[in-house]
Amino acid sequence: MTLCPKCQTKLDTDSIFCTNCGFRVGYNENPQKVIKIGRGKDNDIVVENQYVSKEHAIIKIFTNSIVIEDLNSTNGTFINGKKISSSSIKETDEIILGKNYILDIRKVLHKDNRIKTPIEITNKNIITIGRSQDNDIVLDNIKVSRHHAKLERIGNDWFIEDLGSANKTYINSKPVKRIKINSNDVITIGGIPLLLENLFKSKREISGDVTLTAKNLSFIVDDKTIIDNISLTIYPGEFVGLIGPSGAGKTSLMLMMNGIVKPTNGDVFINSQSIFSNFDSFKGQIGYVPQDDIIHRELKVKESLEYTAKLRINNYTDTEIEPQVNRVIKTLNLSDATDTLIGSPEKKGISGGQRKRVNLGQELLTEPSILFLDEPTSGLDPKTDMDVMKLLKSIADRGKIVILTTHNITEENFNILTHLVVLTKGGKLAYFGPANEAVKYFQVDKPYEIFDKLNEKPTDFWQSKYKNSNYYKDYVESRQSEKIKQLPNREKYNSQRREIDLKQFFTLSSRYLKIKLRDRISTLILLLQAPLIAFLISLVFSNQEGKVSALFVLTIAAIWLGCSNAAREIVSEQSIYKRERMVFLKIPSYILSKVFILSILCLIQSIILSFITISSLELKSGFVELTLFLFLVSLSSLMIGLFVSSFVKTNEAAMGLMPIILIPQVILGGLISKFADMSEFIKILAGFMISRWAFEGALIIEFGESNNYIINSIGFNPDNLPLDLTIIVLFIIIFYLLVVFSLKKKDIQ
């Protein structure tokens, strides 16, 4: 028998590990490799996490075993929830350093000699940065490209060059191709702010944890104070609840902290950089899950996540995206619902709780460091509520910041939350500190009694009480003095490119086509309109004079079909658009994906209109010629419909505007009141109608070679077909630009 030197447990003489504490008793074999882990820059694995010690632990790799030893760290090392001093480990074990940093032992062991003898990268003239393990500095982040950027030394100067990365390299908030830098510049790669001097101190790998700081935030609307001078600093791994009575400004504070709403005064920082001055560089680093389920109900669970991943993770191939989607599905416990339609209350699909998780999954795909959620458990039963809260806590435990607003003020939730923000009416900060100490601070027995307590005294009392408390010193003043090293203010730079992104275009088009095909009733109604209109034209019009009227009705029908096809297509998914626009969605890709799919519908309708009317009315117009002309007219009115859909706020408003658009087209088209009989002023007004040019073009196509008299009698010119086509194309271009302008106005920046 022998004794374990750590815990004195009796062991067999040939024991290698203690059965009680896991300490390695026998060291007859020298380790093949030793890996040092800690916050200090001389470690093999550098972990930038405040709860990890400078020299936290070492991993020793033997022939048949792996051992981890804690180096007397401040916050300890945990294996599967148990604190250890030394223990053998397996690849399936959960290893936590400090309070919240999860060490993935599989990455340590299997990533192409990831852990090598430390190299002093400052001895090199070229230093590569990226996600791939053949870089000098590895940023293992989904938003970082395999080979993202490189640092190059020329003489005594350093230059940084972006290597064509998907999400760009930013220096002091501006995207760069190649630029000279100095030690004070902030390099942002994959949403992670890094100082040049820290990169030089790094040996191999950087884990970029972020801290969120709100400094002196105020929000005033029409002389009414919504948020009153609030300062907060939130660390990685903290799960923060934001509560307060109605009108306390909870949502306003959240929208300012995630960069959606700009404060009247104050600023919000990720590490040392302002969100509002550097919003583009932090896209993908901040996730926001609104209260409503903002997802396409016609898609299946996995389809929805796959499309979102393809839109947001530009630097991954489809084969790389699938494992990421599967990981999110597994994390959210949605494996049983992957091939189920999301559905809605009207159309049966997944449950309400599952829809909440899919909504959350859209943000988890990009692995944001900061996650905001507005009432994520509203409308859920108590068990599902608790399941969602535990899921969010597990996300925070991985070193993420999770902030949510909630009205479910229970002891169970307070025990899950790590910290709590309490606002009073008028947006005043009444408390920020540990969640489990809030009841004691407000001197109540139950969490929900905090609201009653707030009503007992004026809001200024609670604001003053908190500022004079130790909690304010510990959780506001001391945190800000530790973390905020504000850089000089720089001019805001908007790097959002306007050109079309082909990958986004094809992804959006594929998703939109699938949605339209699954919405069978609505699509069928749109398709049936064309044959119904064509048959009515055939029944009513027959003689020579009737052909003129038939051609006029055909052009009006093409205008109507184009407008009605598009009038609801943007407004019906405006929440989804805003959410995706926050993360890399390009406006041209979005608009043209709509135009592409809807133009197919317009072409089918034009073919039906031409085929039925030509055969029944014995029109002389060529089938292809008339079809293409009607298609062009329909396409121009399609752009009008998209423009209407881009600025209205409801489907009802969009459809309500359709008669206002269509009636002038009918009156000023040139038939009901002949164009020749119109005054000069009315002719000018008619020039702004698609129908005036479309009717003239249709008459020329039908009668241009045989009966110019009919065209002249209406007041049109038989030689104007090129002009008609040019102006119709101009309508398409002008209204496309108007849609772009309208959507740009919706931007948060």
Side-chain angles (χ1 to χ4, degrees), residues 142-143 191 212 237-242 251 254-255 257-258 260 283-297 299-313 321 323-338 340-344 349-408 413 416-418 573 575-576 578-580 582-583:
I142 198 169
K143 295 173 285 295
L212 181 69
E238 293 184 343
F239 184 21
V240 182
L242 178 55
T251 300
M254 173 175 283
L255 293 178
M257 291 180 72
N258 64 24
I260 293 179
K283 284 185 175 180
Q285 194 73 343
I286 302 171
Y288 173 53
V289 182
Q291 182 175 352
D292 296 328
D293 297 331
I294 301 179
I295 41 183
H296 288 288
R297 306 302 178 92
L299 298 176
K300 297 177 182 178
V301 169
K302 190 171 184 179
E303 288 174 344
S304 178
L305 295 172
E306 284 176 337
Y307 280 122
T308 300
K310 289 176 182 179
L311 288 173
R312 297 191 181 193
I313 311 174
I321 282 174
Q324 178 70 3
V325 171
N326 290 336
R327 277 193 292 272
V328 170
I329 287 173
K330 184 177 180 182
T331 300
L332 296 171
N333 296 320
L334 288 169
S335 299
D336 294 337
T338 52
T340 305
L341 282 175
I342 292 171
S344 64
I350 58 177
S351 67
Q354 288 173 322
R355 277 199 297 273
K356 293 283 185 185
R357 284 185 236 166
V358 174
N359 203 27
L360 173 59
Q362 313 293 316
E363 301 301 325
L364 296 185
L365 287 165
T366 54
E367 300 177 1
S369 295
I370 306 170
L371 185 61
F372 293 89
L373 305 102
D374 191 6
E375 296 286 348
T377 61
S378 64
L380 301 182
D381 62 81
K383 183 183 182 305
T384 307
D385 177 300
M386 184 55 57
D387 289 341
V388 172
M389 291 293 288
K390 287 179 179 178
L391 171 63
L392 296 173
K393 179 63 166 63
S394 70
I395 293 170
D397 287 343
R398 299 188 189 117
K400 312 292 186 182
I401 292 174
V402 179
I403 303 170
L404 62 85
T405 61
T406 181
H407 283 103
N408 195 6
N413 281 346
I416 293 176
L417 295 168
T418 62
E573 59 177 32
S575 299
I576 296 174
K578 288 178 182 178
R579 183 175 186 175
E580 293 179 343
M582 288 177 63
V583 192

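Only a predicted model underlies this, so the values are computations on that prediction, with no experimental measurement involved. In what follows, every heavy atom counts, from backbone to side chain, and hydrogens, waters and symmetry copies are set aside.
Side-chain atoms of N413 come within 3.5 Å of backbone N or O of N408 as a donor-acceptor pair. S335 places no side-chain N or O within donor-acceptor distance of the main-chain N or O of K330, the cut-off being under 3.5 Å. Checked by atom type and distance alone, the side chain of T418 pairs as donor or acceptor with a backbone atom of F239 at under 3.5 Å. Remark: the backbone N or O of L391 is paired with a side-chain donor or acceptor of S394 at under 3.5 angstrom. Under a 3.5 Å cut-off, the side chain of R355 and the backbone N or O of I350 do form a donor-acceptor pair.
Residues T251 and D374 meet the side-chain proximity criterion, which asks for heavy atoms closer than 4.5 Å. For the pair K356/E375, no side-chain contact is recorded, criterion being any heavy-atom separation below 4.5 Å from C-beta on. For the pair P376/V289, no side-chain contact is recorded, criterion being any heavy-atom separation below 4.5 Å from C-beta on.
Minimum interatomic distance between I313 and I321 (heavy atoms only, all atoms of both residues): O-CD1, 4.3 Å. Pairing each heavy atom of L417 with each of G241, the nearest pair is CD2-N, 3.7 Å. Nearest heavy-atom pair, Y288 versus R579, reported as atom, atom and distance to 0.1 Å: O-NE, 3.8 Å. The minimum heavy-atom distance between N359 and I294, with the atom names listed, is OD1-N, 3.2 Å. Closest of all the heavy-atom pairs between M389 and L404 is SD-CD2, 4.0 Å. The two residues L332 and G361 come nearest to each other via the heavy atoms CD1-CA, 3.5 Å.
Summarising the geometry, atom CG belonging to L305 is positioned 5.5 Å from atom CG belonging to L365; distances are rounded to the nearest 0.5 Å. Between T338 atom OG1 and E303 atom CD the span is 10.0 Å, to the nearest 0.5 Å. The distance from atom CG of L360 to atom CG of L392, rounded to the nearest 0.5 Å, is 6.0 Å. Distance CZ/F372 to OG1/T405: 11.0 Å, rounded to 0.5 Å. Here the NE2-CD1 distance, from H296 to I576, works out to 3.5 Å after rounding to the nearest 0.5 Å. To the nearest 0.5 angstrom, I295 atom CD1 is 9.5 Å from T308 atom OG1.
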side-chain contact (heavy atoms from CB on, under 4.5 Å) evaluation trace for L334 with V358:
CA-CA 8 Å; L334 288 169; V358 174; 3.8 Å; yes

Run the side-chain contact (heavy atoms from CB on, under 4.5 Å) test on R297 and I342 for me, step by step, so that the C-alpha distance in whole Å, both residues' side-chain angles and the decisive distance to 0.1 Å come before the verdict.
CA-CA 5 Å; R297 306 302 178 92; I342 292 171; 3.9 Å; yes

Criterion side-chain contact (heavy atoms from CB on, under 4.5 Å) on E580 and L311, from CA distance to verdict
CA-CA 8 Å; E580 293 179 343; L311 288 173; 3.8 Å; yes

Can I260 and K578 be said to form a side-chain contact (heavy atoms from CB on, under 4.5 Å), step by step?
CA-CA 10 Å; I260 293 179; K578 288 178 182 178; over 6 Å; no

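Around atom CG of N326, more than 12 heavy atoms belonging to other residues, nucleotides or ligands sit under 6.0 Å away.
With salt bridges taken as basic N to acidic carboxylate O contacts below 4.0 Å, none links E306 and K300.
Between E367 and the options K400, K143, Q324, R327, a side-chain hydrogen bond (donor to acceptor under 3.5 Å, both in side chains) holds for only Q324.
No hydrogens or angles considered: a donor-acceptor pair under 3.5 Å links the side chains of S304 and Q362.
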